[in-house]
Amino acid sequence: MACVEIVHELDKRLRLRILSDADDFAQTEVALRQLPGVASVRANRACASMTLVYDGQPEVRGAILATARRTPSMAAEVWRPPPAANARRVTLAAGAIAAALLLPAPLAAAVTWLNIAGVLARGILAASRGKLKTDVLDALAIGVPAARQEYATASVTRFLLALAEHIEATTVQQSDEMLRSLLRQAPGDVWVERRDGELARVPFVQLKGGERVVIGAGETVPVDGPVVAGDAYVDQSSVTGESLPLPRAVGDQALAGGVVTDGRLVIQAERVGEATTTGRIARYVQEALDRPAEIETVSSLFADRRVGITLATAAAVFALTRDWRRIESVFMVDYSCAVKLGTPVAIKSAMYRAAQEGCLVKSGTAIETLAGVDTIVFDKTGTLTHNTLEVTDICLLDPGIDEERAAAMVASLGEHTSHPIARAVVGLAQQRRLAHIPHEAVNFIVGHGVEANVDGRRIRFGSRHYLEDDEHISFADARKTVRALQEQGKSLLYVAADERPIAVFALRDRLRPESASTLAQLRALGVKRFVMITGDRQAPALAFAETLGIDAVHYEQQPEDKAKIIAALKREGRRVAYIGDGVNDGPALMAADVGISMPRAADIARATADIVLLEDRLDSVATMLTIAREAMGLIHSNFKIAVGVNSAILGAAAFGRLPPLAAATLHNGTTIAVLLRALLSGRAQTPVTAKISRASVALERSRAQEQ
């Protein structure tokens with residue numbers, strides 16, 4: 001059993017100290033988050049503590065303690081009480097250097113051993129488990145000079161390690177908590193229709209399958225199931241990706257997560273809670289989050305793989321010379337210090353530049369991964385488009401009416417509804433400054449259309465089904481025009497006066513003006529393939545993709561399908577970035593090598609994504625890719641510098657050409673040089689937009705030459 005101690009307790013709040021290694025600590029954190037009744041978990045691995053907020057029930061408290069103690073025993077773990085802040089740790093290490101230089105030997109020894117105790121404990125623990133990591137080398141680099149009473153050397157090395165930990169800590173991003181708290185959030189109370197026809201308000205957690213749930217305008221659908229009464233428009237864009245609210249009537253299927261924009265529905269609950277569509281999405285995200293990351297940072301790999309080089313060199317020197325001074329000099333060269341400092345600073349610099357360009361990067365791994373992306377997958381609605389409609393064509397069918405009159409009539413009636421198609425026509429009328437046309441009371445037929453009397457004529461507009469099938473107004477003369485517009489992927493609004501058709505309005509998602517140029521920029525930067533996934537029907541999806549030159553299109557997709565498509569691309573060996581903005585994009589954002597969300601994305605998409613665009617500009621993706629590749633280029637060049645210089649120092653130390661203090665000075669000088677290079681490189685970068693523009697120009701020139 002793990003060693004668990006209650007550090008502090010209040011009503012509904014527990015702070016625990018859990019002594020375990022990193023893997024067990026992470027597993028315990030995941031298990032605690034999944035306990036019913038636990039509202040939040042804030043973990044601090046550095047101080048081996050977790051702070052939990054729960055519902056205050058005794059059984060939940062007992063489950064928390066039992067779960068925390070369930071991890072493997074870590075009795076050998078030495079807990080390292082952290083300072084109040086990382087800066088204080090660095091300050092204490094600097095004070096130890098002064099003590100080693102100024103205090104008498106006994107006091108200097110006491111201060112030094114206290115200062116390095118934590119590093120030694122980590123190294124001993126790692127060695128006892130057979131883990132050959134930098135903790136072992138750090139302990140040797142500090143322990144050997146301390147044992148030889150060279151306290152200043154030991155303290156300087158400890159200071160540099162503390163500084164490295166401080167800089168690394170600044171790059172750590174805590175995004176998991178927000179995501180998990182969103183996944184735990186459930187709807188509040190819901191209205192249930194009892195058998196006697198009375199409505200009862202019940203907590204969502206008590207909702208059962210088979211009950212009749214009533215949802216009004218503006219409310220979120222809490223269950224999956226068929227509509228058994230009512231008519232309404234339901235916006236399912238955040239669940240299915242369909243850009244338009246869908247009419248839902250008796251017999252139609254409703255999905256949890258949709259929002260009723262107009263009307264009222266009664267839904268027979270088939271699936272509730274985690275069994276719903278949004279529940280499955282949440283579960284997929286949680287499972288993906290609990291899996292260990294597939295990509296380790298370059299700096300960790302670099303440091304760990306080269307520990308053996310230093311240890312093997314030290315062993316060879318000892319076997320051949322028995323010279324402790326040489327061994328001490330060798331231990332001063334661990335390769336990893338430069339990387340520990342230079343890599344986080346380069347990443348931090350890239351994150352800072354990204355923020356200046358309107359991109360929030362949640363981790364250094366996201367930058368590393370994005371730099372190697374060769375395939376970008378777009379969700380259509382809200383990413384390539386603005387998730388709003390625009391009128392593209394007004395096809396007149398009555399010679400007695402002109403475009404302005406037709407648009408003014410539809411807008412005058414349409415301003416009484418919030419349907420996106422009507423709002424698009426209202427926007428067109430406002431743009432053209434068309435006068436409002438007086439009319440009588442408007443009758444809004446949910447799921448069909450709108451009608452009202454205008455100047456003695458009955459004006460109707462809405463779907464083809466409403467006008468042709470219900471009102472028996474034939475649009476046969478416009479069949480050719482209608483077919484052509486549908487093949488272009490446009491949505492249609494049919495308009496009639498009395499019993500005669502007068503116009504057909506064609507609309508489509510408003511394409512972002514920068515979409516085409518952004519794709520050209522990304523191709524210029526080396527992205528080889530673009531894929532679009534959408535819940536739209538085949539015709540509009542293919543027409544839209546052809547306009548932008550997208551390589552592959554997946555249409556009429558369900559939320560679960562998006563993640564499967566991403567997984568298939570990864571199996572082909574592609575490095576995939578996914579860009580989305582809806583609740584339904586959560587699984588795909590997690591499945592991709594790197595997920596990018598738009599600024600107006602659903603909360604769960606923003607929480608799941610590795611990168612969040614802070615400005616509503618798609619070209620920020622090209623900007624971010626440029627920054628990531630420059631950062632990785634800097635890191636790789638720093639690697640070469642660190643390897644070259646430290647190898648030379650290691651060789652000189654092994655042959656006795658460098659005493660320990662000189663080896664430490666040169667090694668630390670290399671570290672500082674790499675650090676300064678990482679710091680200064682960000683200031684010397686050419687503006688990202690200029691680089692992208694040059695890349696685009698080069699691409700266009702090459703295409704022109706091919707033609």
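Quick note: residue numbers are just sequence positions, from 1. Values below: every heavy atom of this structure, side chains too, minus hydrogens, waters and symmetry copies.
- No side-chain donor-acceptor contact under 3.5 Å links Q521 to the backbone of L519.
- The two residues V234 and T261 have their closest heavy-atom pair at N-OG1, 4.5 Å.
- Between I376 and F378, some side-chain heavy-atom pair lies under the 4.5 Å cut-off.
- In this structure the side chain of T385 reaches within 4.5 angstrom of the side chain of K380, judged on heavy atoms.
- Between I565 and K562, every side-chain heavy-atom pair lies at or beyond the 4.5 Å cut-off.
- Atom CD of Q253 has more than 12 neighbouring heavy atoms from other residues, nucleotides or ligands inside a 6.0 Å radius.
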Stepwise side chain to side chain contact (heavy atoms under 4.5 Å, CB included) check, L246 with Y233: CA-CA 5 Å; L246 300 177; Y233 273 104; 5.9 Å; no
Test salt bridge (Lys or Arg N to Asp or Glu O under 4.0 Å) applied to D55 and K12, step by step: CA-CA 6 Å; D55 60 10; K12 300 183 180 181; over 6 Å; no
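- More than 12 heavy atoms of other residues, nucleotides or ligands shown are found within 6.0 angstrom of CZ on R512.
- Judged by distance alone, the side chain of E546 and the main-chain N or O of A543 form no donor-acceptor pair under 3.5 Å.
- Side-chain atoms of D593 come within 3.5 Å of backbone atoms of V576 as a donor-acceptor pair (strictly under, hydrogens ignored).
- Here I579 contributes atom CD1 and S620 contributes atom OG; the two are 10.0 Å apart, rounded to the nearest 0.5 Å.
- We find the NE2-CG distance between H419 and D262 to be 8.0 Å, quoted to the nearest 0.5 Å.
- Taking the side chain as every heavy atom from C-beta outward, F530 and L522 approach each other to under 4.5 Å.
- Between V553 and V531, the closest side-chain pair of non-hydrogen atoms is not below 4.5 Å.
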Worked verdict on V377 versus I566 for side chain to side chain contact (heavy atoms under 4.5 Å, CB included): CA-CA 8 Å; V377 181; I566 300 294; 3.9 Å; yes
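- In this structure a side-chain-to-backbone donor-acceptor pair under 3.5 Å is present from E514 to L618.
- Atom OG1 of residue T220 and atom CD1 of residue I215 lie 9.5 Å apart, to the nearest 0.5 angstrom.
- Smallest separation of non-hydrogen atoms from A366 and V361: CB-CG1, 4.0 Å.
- Across every non-hydrogen atom of H386 and L511, the tightest pair is CD2-O, 4.4 Å.
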For the pair M532 and H554, evaluate side chain to side chain contact (heavy atoms under 4.5 Å, CB included) and give the outcome as yes or no after the intermediate values. CA-CA 6 Å; M532 186 180 80; H554 299 271; over 6 Å; no
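- A donor-acceptor pair under 3.5 Å links the side-chain atoms of K570 to the main chain of A591, judged by distance alone.
- At a threshold of 4.5 Å between non-hydrogen side-chain atoms, the residues T28 and M50 count as touching.
- Under the salt bridge (Lys or Arg N to Asp or Glu O under 4.0 Å) criterion, E556 pairs with no residue at all, not counting sequence neighbours.
- Listed here is the closest heavy atom pair of V621 and L613: CG2-CD1, 3.9 Å.
- The CG atom of L589 lies 6.5 Å from the OH atom of Y578; values are rounded to the nearest 0.5 Å.
- A heavy-atom distance below 4.5 Å is found between the side chains of I550 and L384.
- In this structure, D581 contributes its side chain and S597 its backbone to no donor-acceptor pair below 3.5 Å.
- Going from atom CZ of R508 over to atom CD of E390 covers 6.0 Å, rounded to the nearest 0.5 Å.
- Between the SG atom of C359 and the CZ atom of R617 there is a distance of 7.5 Å, given to the nearest 0.5 Å.
- For CZ of R529, the number of neighbouring non-hydrogen atoms (other residues, nucleotides, ligands) closer than 6.0 Å is greater than 12.
- Nearest heavy atoms, T534 versus A541: CG2-CB, 3.7 Å.
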L14 vs T51, side chain to side chain contact (heavy atoms under 4.5 Å, CB included): CA-CA, chis, key distance, verdict: CA-CA 6 Å; L14 269 175; T51 303; over 6 Å; no
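- For the pair V221 and V223, the tightest heavy-atom approach, listed with the atom from each and the gap, is CG1-O, 3.2 Å.
- Counting heavy atoms from C-beta on, the side chains of L634 and S637 come closer than 4.5 Å.
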